[in-house]
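Encoded as structure tokens, the structure appears first; notes follow it.
Every chain is numbered from 1, with letters handed out A, B, ... down the list of sequences.
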Protein chains: 2
Amino acid sequence: MTDTRTDLSKSQNAYLWLKERIASQEFTPGYRLVLGSIAGELDMSVVPVREAIRQLEAEGLVTFERNVGARVSMVDDTQYRHSMQALSILEGAATALAARQLTTDDIAIARAINGHMIETLDHFDPRAFTTLNREFHAVLFAKTANPRLLELVESEWGRLGNLRDSTFSFVPGRAQESVREHEGILSLIETGASLGDIEAAARRHRSATLDAYLTHEHPGESLGLLTL
Amino acid sequence: MTDTRTDLSKSQNAYLWLKERIASQEFTPGYRLVLGSIAGELDMSVVPVREAIRQLEAEGLVTFERNVGARVSMVDDTQYRHSMQALSILEGAATALAARQLTTDDIAIARAINGHMIETLDHFDPRAFTTLNREFHAVLFAKTANPRLLELVESEWGRLGNLRDSTFSFVPGRAQESVREHEGILSLIETGASLGDIEAAARRHRSATLDAYLTHEHPGESLGLLTL
DNA sequence: ATATCCGAAATCGTATACGATGAATGTGCG
DNA sequence: CGCACATTCATCGTATACGATTTCGGATAT
């Protein structure tokens with residue numbers, strides 16, 4: 001069942017394998033990455049595993065402590081907010097930069113996805129909702145004029161380990177609000193609104209998710225949205 | 001003369017050493033990083049060197065090709081634009097997020113630095129100008145409410161290898177324009193302008209540097225500034 | 001002269017080995 | 001009973017070794 005691709009180096013395989021485990025929350029923040037065990041699991045020596053972990057470290061997914069080992073990074077609440085805010089900025093810009101490239105077909109696809117999201121609202125499944133949500137935004141980003149922004153967005157999502165995204169969706173009413181905002185962004189794009197307006201809307205959309213979480217979990221507290 | 005810090009692991013030392021060489025342009029884009037040579041130079045085996053290079057790869061400073069080796073990443077013009085644009089977005093946001101935290105003292109310091117920049121305009125030294133320029137923005141960012149943004153900015157600067165920054169400054173008239181824009185940003189902050197205005201100004205400031213370069217090197221071409 | 005093939009050298013990717021360091025456990029003393 | 005210290009164990013960090021792959025140069029054929 002090992003889906004290791006032989007056309008990749010072992011260290012690359014280890015890298016992907018670990019990344020997957022972290023993203024899928026099999027390895028949760030704080031989880032200790034023992035070189036020997038992982039190497040055994042993947043049927044390789046420790047050397048490529050170490051390389052893989054170093055790469056993950058450079059991306060911020062893993063923290064090393066000398067002579068102690070590596071563990072999946074803990075993102076405390078503060079870091080979480082900062083990453084989310086950075087994400088809102090990056091995604092907002094990416095959306096705006098893609099807006100002009102989107103065809104009516106693209107918009108139709110996005111709208112269809114949003115339709116599915118609305119359907120799920122009855123028998124609410126946060127995981128499905130989250131998946132659809134990412135698909136929705138993927139469509140919007142797909143034709144961005146700046147692929148580098150996409151890399152940054154992806155990397156930042158990895159950093160967050162999409163860990164709490166599902167819990168986010170649980171904030172009462174936020175899901176409904178979210179799909180409404182999606183529709184709002186789509187119509188802004190359709191009607192040829194200014195890039196500034198589109199960017200602001202897309203940014204607010206992500207910020208609002210975080211803000212809803214903050215005010216819900218820590219009543220009275222708020223991110224203080226970047227007003228753009 | 002080896003300033004290797006013994007409190008760091010060898011791989012960390014190799015990482016820093018390489019990063020320095022790349023930043024200082026001793027290793028220019030395309031330069032081949034031969035494991036054995038570097039290991040010899042640093043008096044260590046190849047293993048830590050490989051780890052270091054993997055980290056740099058994750059940051060985008062180095063590119064690996066299987067069974068061939070690693071070389072310092074080539075940033076072609078397109079990638080360069082995209083990174084610069086991403087940078088303008090990140091720096092714009094970082095500036096806005098720091099604006100409200102800046103004291104009159106901070107602004108005075110920034111203004112003093114900008115003053116030095118103006119002085120250098122007579123006997124124009126692009127390297128000194130660039131250094132001062134980064135200092136200026138460092139002051140503005142220093143108190144940002146979002147340190148994660150700073151990390152992203154730093155990382156993106158590393159990616160660009162601050163390679164062509166000096167050539168940028170050579171675009172006729174851009175240096176003068178730049179210091180004027182600095183002053184403009186400072187007064188926006190002083191007068192308590194909206195964060196949106198500040199962000200837009202800061203973003204435009206960086207974009208304009210790129211745009212000046214593009215229209216100068218490739219006449220008729222332009223980035224098409226994100227209008228924010 | 002140019003192209004093609006072959007062998008040598010260079011370099012990479014990974015396994016194994018081992019000293020070094022930190023954590024865990026046990027032991028003796030207050 | 002609890003704490004200081006010694007000992008053992010787990011794990012890390014790095015050196016060395018070696019097969020695998022690519023690159024390079026020269027010999028041969030066209």
Side-chain angles (χ1 to χ4, degrees), chain A residues 2-22 26-74, chain B residues 2-22 26-74:
Chain A
T2 50
D3 54 346
T4 55
R5 284 167 253 176
T6 51
D7 58 324
L8 261 52
S9 68
K10 294 203 174 184
S11 76
Q12 296 270 10
N13 270 318
Y15 171 78
L16 294 174
W17 188 86
L18 283 168
K19 202 164 181 174
E20 220 170 86
R21 301 297 151 124
I22 294 173
E26 187 169 338
F27 295 165
T28 52
Y31 186 95
R32 185 154 172 223
L33 301 172
V34 180
L35 294 177
S37 314
I38 296 171
E41 188 89 28
L42 290 174
D43 193 38
M44 59 178 71
S45 85
V46 297
V47 179
V49 176
R50 277 184 65 87
E51 280 180 19
I53 292 181
R54 283 285 190 208
Q55 284 184 280
L56 293 167
E57 186 195 17
E59 294 179 41
L61 272 74
V62 158
T63 312
F64 245 101
E65 194 179 346
R66 185 169 190 185
N67 284 324
V68 173
R71 49 183 65 231
V72 179
S73 295
M74 309 283 281
Chain B
T2 51
D3 53 346
T4 55
R5 284 166 250 175
T6 52
D7 57 324
L8 260 51
S9 69
K10 292 202 174 184
S11 76
Q12 297 269 12
N13 269 319
Y15 171 79
L16 294 174
W17 188 85
L18 283 168
K19 202 164 182 174
E20 220 170 87
R21 300 298 152 123
I22 294 173
E26 186 171 339
F27 294 166
T28 53
Y31 186 96
R32 183 150 175 227
L33 301 171
V34 180
L35 295 177
S37 314
I38 297 171
E41 188 89 26
L42 290 173
D43 194 38
M44 59 179 71
S45 86
V46 298
V47 178
V49 176
R50 278 184 64 88
E51 279 180 20
I53 291 182
R54 285 285 190 206
Q55 284 185 278
L56 293 168
E57 187 196 16
E59 293 180 41
L61 272 74
V62 159
T63 312
F64 247 100
E65 194 179 345
R66 186 170 188 186
N67 284 323
V68 173
R71 50 185 63 232
V72 178
S73 295
M74 308 281 280

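Take S37(B) and apply the side-chain contact (heavy atoms from CB on, under 4.5 Å) test, not counting sequence neighbours, and it matches V34(B). The side chain to side chain donor-acceptor pair (under 3.5 Å) test applied to E26(A) returns R21(A), not counting sequence neighbours. Residues that satisfy the side-chain contact (heavy atoms from CB on, under 4.5 Å) test with V62(A), not counting sequence neighbours, are I22(A), L33(A), I53(A), L56(A), A70(A). In this structure, the salt bridge (charged side-chain N to carboxylate O under 4.0 Å, His left out) partners of R54(A), at least two apart in sequence or on a different chain, are E57(A), E51(B). For K19(B), the salt bridge (charged side-chain N to carboxylate O under 4.0 Å, His left out) test picks out E59(B), with sequence neighbours left out.
The nucleotide whose nearest atom lies closest to any side-chain atom of R50(A) is, among dG13(D), dA15(C), dG13(C), dG13(D). Distance from the side chain of V34(B) is smallest for dT11(C) among the nucleotides dA15(D), dT11(C), dA15(C). Of the listed nucleotides (dG13(D), dG13(C), dT16(D)), dG13(C) has the atom at the smallest distance from the side chain of S9(A).
With rounding to whole Å, L33(B) atom CG is found 13 Å from dT11(C) atom C1'. Between L35(B) atom CG and dT14(C) atom P there is a gap of 12 Å when expressed in whole angstrom units. Per the geometry, CZ belonging to F64(B) stands 8 Å off P belonging to dC12(C), to the nearest Å. Atom NZ in K10(A) sits about 13 Å away from atom P in dG13(C), given to the nearest Å. If you measure from atom CG of L42(A) to atom P of dA15(C), you get 11 Å, rounded to the nearest angstrom. If you measure from atom CD1 of I53(B) to atom C1' of dG13(C), you get 13 Å, rounded to the nearest angstrom. For L8(B) and dG13(D), the CG to C1' distance is 13 Å, given to the nearest whole Å. Between the OH atom of Y15(A) and the C1' atom of dG13(C) there is a distance of 19 Å, given to the nearest Å.
Annotation for V72(A) and T28(A): closest pair CB-O, 3.6 Å, computed over non-hydrogen atoms.
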Each nucleotide in nucleotides 17-25 of chain D should get exactly one letter: B, S or -. Can you fill that in based on protein heavy atoms under 4.0 Å? ----SSS--
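Distance check: S73(B) OG to Y31(B) OH gives 15.0 Å after rounding to the nearest 0.5 Å.
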